[in-house]
Amino acid sequence: MRVADKTTQRNYIKYLNKARNDYAETNMKIASGNRFIELSKDVSAGTRMLNSRVELFKSEKQLSNVQAINSEFKAVEDSMLSMNDVLNEIIGTKLIKASSETAGDTGRVTIAAELKSMKEEIIQFANLKFATKYPFGGSTAKVAPFSLSDDGKLLYNGIDVDSVKQRADGTKYYLDENGVEQDIAKDNPLFIDIGLGVRVDGNSFNSVSGFEASFSGLQILGFGVDDETGNTNNIINLITQIEDTLINYDPERFHELQDHLTARVDIFRTNITDMGAKTNFLDTMEARLQNQVDNYKFRIDELVGINDAEEATNQSMNDYILKAVIQMGSQILPVSLWDYLR
C-alpha cells in the first residue's frame with residue numbers, strides 16, 4: 001500500500017477542514033436566514049442593518065400605539081353615534097310630540113318617563129368600557145365615570161358636572177367646600193408617539209408633536225352652566241330638567257330648555273365629527289407606519305438575508321464536495337490516521 005507523505009496529509013486535512021467549514025457555514029445561513037452572524041464578516045452591511053433595526057423597532061412601537069388607540073377611538077366613535085341616535089329621537093320625536101297641544105298632561109307624563117329611560121341609556125353608552133379602562137372617564141379611568149346623584153344630577157367621577165369650570169388654558173376644576181380650586185381627577189390629556197416626531201421643550205412636552213390619546217366625557221356631554229341664562233350645559237341634566245317641566249307642565253320653561261338642549265346636541269355632533277376625523281387620520285397613520293415597517297424589514301433582509309435558491313444549490317454542492325473529499329481520504333491517508341479522522 002502506498003503511504004502518503006506529510007505534505008499530502010497536511011494538504012488533505014486543510015481541504016477536508018475547508019469542506020467541513022463550507023458545509024457548516026451554508027447550513028448556518030439556511031438555519032438563521034442570514035448571510036452572516038458576526039458583524040466583522042461585513043462591517044458596512046452590518047452597520048446599516050443595525051441602524052435599520054433601530055428604526056424598525058421605533059416604527060413597530062409607533063404602529064402598535066396607533067393600532068391600540070385606533071381601536072379605542074373607533075369604539076368611542078361607535079358609542080357616540082349610538083348616543084346621537086338616542087338624542088335624535090329625543091329632539092326629533094319626543095320633544096316635538098310633547099310640545100303638541102294634543103299631548104295632554106297624561107301624554108307629557110308618559111313622554112317624561114320615556115325621556116328618563118333614554119337618558120339612562122345615554123349614560124350607559126358614556127360609561128363604555130374598553131379593555132380595562134373607561135375612555136370617557138379621562139386618561140386613566142378604571143371605574144365608570146358617570147352616575148346620578150340622589151337628587152338626579154349627573155356626577156363625573158363623583159363631582160357634580162354643573163359645578164365644573166374651565167381655566168383659560170383649558171384645564172378644568174371645581175371649588176371644594178372651602179372654596180379652593182381642585183383639578184378634575186383623571187382629566188389631564190395623554191399624548192403618545194405615533195411617528196409625528198415627539199419633542200420636549202425644556203422640561204415640558206411639546207403636545208403638538210404627539211397625538212392626544214385621551215378625551216374627556218365632560219367635554220363631550222357638557223359641563224358647567226350658561227353664563228347668561230344659568231341653565232346647565234350638560235345634556236343629561238338638561239333632559240332631567242325637561243322631564244320636570246313635562247310632569248309639572250311649564251310651556252315657556254319647556255321651550256327654553258328644548259332650545260338649549262338642541263344647541264348642546266349640535267356641539268355634541270361637532271365632537272362626533274372631530275372623532276371621525278381622528279379615526280380617519282389614525283387609519284392613514286396606521287397604513288403609513290405598516291408600510292414603513294415592511295420597508296425596514298425588506299431593507300434588513302436585503303442587507304443580511306440569503307437567497308434561498310442559491311444557498312440550497314450551495315448546500316448540495318458543499319455536501320457533494322465534502323463526501324468526495326472524505327472518499328478521497330480513504331485512498332491517500334494511512335489507515336490509522338483515516339480511522340482517527342473519521
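The side-chain heavy atoms of Thr240 and Lys119, taken from C-beta on, include a pair separated by under 4.5 Å. Contact annotation: the side chain of Glu181 approaches that of Leu175 to within less than 4.5 Å [non-hydrogen atoms, C-beta and beyond]. With a 4.5 Å cut-off on side-chain heavy atoms, His260 and Asn233 count as touching. Contact annotation: the side chain of Arg108 never approaches that of Lys97 to less than 4.5 Å [non-hydrogen atoms, C-beta and beyond]. The closest side-chain heavy-atom distance from Phe268 to Met80 is below 4.5 Å.
Looking at Asp294 and Lys297, no side-chain N of the basic residue comes within less than 4.0 Å of a carboxylate O on the acidic one, giving no salt bridge. Between Asp274 and Arg269 there is no salt bridge, since none of the side-chain N atoms of the basic residue sits less than 4.0 Å from a carboxylate O of the acidic one.
Phe298 and Phe57 fall into different hydrophobic clusters, where Ile, Leu, Val, Met, Phe, Trp and Tyr are joined by side-chain heavy atoms under 4.5 Å apart, directly or via other members. Note on Tyr134 and Leu218: separate hydrophobic clusters, where clusters join Ile, Leu, Val, Met, Phe, Trp and Tyr whose side-chain heavy atoms are under 4.5 Å apart, directly or indirectly. Under a hydrophobic-cluster definition in which Ile, Leu, Val, Met, Phe, Trp and Tyr are linked whenever side-chain heavy atoms come within less than 4.5 Å, directly or via other members, Leu115 and Leu261 are assigned to the same cluster. Placement of Val109 and Leu95 in two distinct hydrophobic clusters is found when ILVMFWY residues are connected by side-chain heavy-atom separations under 4.5 Å, directly or transitively.
By the side-chain contact (heavy atoms from CB on, under 4.5 Å) test, Ser147 pairs with Leu155, sequence neighbours left out. A search for side-chain contact (heavy atoms from CB on, under 4.5 Å) contacts involving Ser117 returns nothing, not counting sequence neighbours. Residues satisfying the side-chain contact (heavy atoms from CB on, under 4.5 Å) criterion with Lys165, sequence neighbours excluded, are Tyr173. Applying the side-chain contact (heavy atoms from CB on, under 4.5 Å) criterion to Glu77, with sequence neighbours excluded, gives Leu81, Met275, Thr279.
Between the CG atom in Leu154 and the CG atom in Asp160 there is a gap of 8.5 Å [rounded to 0.5 Å]. Rounded to the nearest 0.5 angstrom, Gln258 CD and Thr245 OG1 are separated by 9.5 Å. With rounding to the nearest 0.5 angstrom, the CE atom of Met285 is 14.0 Å from the CG atom of Asn280. Atoms CD and CG, from Glu55 and Asn51 in turn, are 7.5 Å apart once rounded to the nearest 0.5 Å. Distance check, rounded to the nearest 0.5 Å: CD of Glu252 to CG of Asp250 gives 6.5 Å. Here the OH-OG distance, from Tyr156 to Ser216, works out to 4.0 Å after rounding to the nearest 0.5 Å.
Closest non-hydrogen pair, Asp176 versus Val180, comes out as OD1-N, 2.8 Å. When every heavy atom of Gly137 is checked against every heavy atom of Asn157, the shortest pair comes out as O-ND2, 3.6 Å. Residue Gln292 comes nearest to Ser59 through the heavy atom pair NE2-OG, 2.7 Å, listed as atom of the first residue, atom of the second, then distance. The two residues Pro135 and Phe130 have their closest heavy-atom pair at CG-CB, 3.8 Å. What you find for Ser79 and Phe136 is that their closest heavy atoms are OG-CE1, 3.8 Å. Between Tyr174 and Asp183, the shortest heavy-atom distance links the atoms CE2-O, 4.1 Å.
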Exercise. Begin with the C-alpha distance, continue with both residues' side-chain angles, and end with the deciding distance and a verdict on side chain to side chain contact (heavy atoms under 4.5 Å, CB included) for Ser100 and Ile96.
Key: CA-CA 7 Å; Ser100 171; Ile96 292 176; over 6 Å; no
(request) Could you go through the side chain to side chain contact (heavy atoms under 4.5 Å, CB included) check for Gln182 and Ile159 one step at a time? (result) CA-CA 11 Å; Gln182 301 291 339; Ile159 301 167; over 6 Å; no
Q: Starting from the C-alpha separation in whole Å, work towards a yes-or-no answer on side chain to side chain contact (heavy atoms under 4.5 Å, CB included) for Asn88 and Asn84.
A: CA-CA 6 Å; Asn88 283 341; Asn84 188 57; 3.4 Å; yes
message: side chain to side chain contact (heavy atoms under 4.5 Å, CB included), that's the test. Do Thr270 and Asp266 meet it? Break it down for me.
response: CA-CA 6 Å; Thr270 300; Asp266 286 342; 5.7 Å; no
I'd like a table of donor-acceptor pairs (distance under 3.5 Å, sequence neighbours excluded) in which one partner is a side-chain atom from residues 219-228, with atom names and distances.
| residue | atom | partner | partner atom | Å |
| --- | --- | --- | --- | --- |
| Gln219 | OE1 | Lys172 | NZ | 3.0 |
| Asp226 | OD2 | Glu228 | N | 2.9 |
| Asp226 | OD2 | Thr229 | N | 2.9 |
| Asp226 | OD2 | Thr229 | OG1 | 3.2 |

Name each donor-acceptor pair under 3.5 Å that joins a side chain in residues 120-128 to protein atoms two or more places apart or in another chain, with its distance.
| residue | atom | partner | partner atom | Å |
| --- | --- | --- | --- | --- |
| Glu120 | OE2 | Lys116 | NZ | 2.9 |
| Asn127 | OD1 | Phe146 | N | 2.9 |
| Asn127 | ND2 | Phe146 | O | 3.0 |

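For the side chain to side chain contact (heavy atoms under 4.5 Å, CB included) test with Lys153, the passing option among Asn234, Asn237, Leu148, Thr232 is Asn237; the others fail. Of the residues Arg264, Arg253, Gln241, the one that meets the side-chain hydrogen bond (donor to acceptor under 3.5 Å, both in side chains) test with Asn231 is Arg253.
At distances below 3.5 Å, not a single donor-acceptor pair connects side-chain atoms of Ser64 with backbone N or O atoms of Glu60.
For Asp150, the CG atom counts as loosely surrounded, since its 6.0 Å shell holds 12 or fewer non-hydrogen atoms of other residues, nucleotides or ligands.
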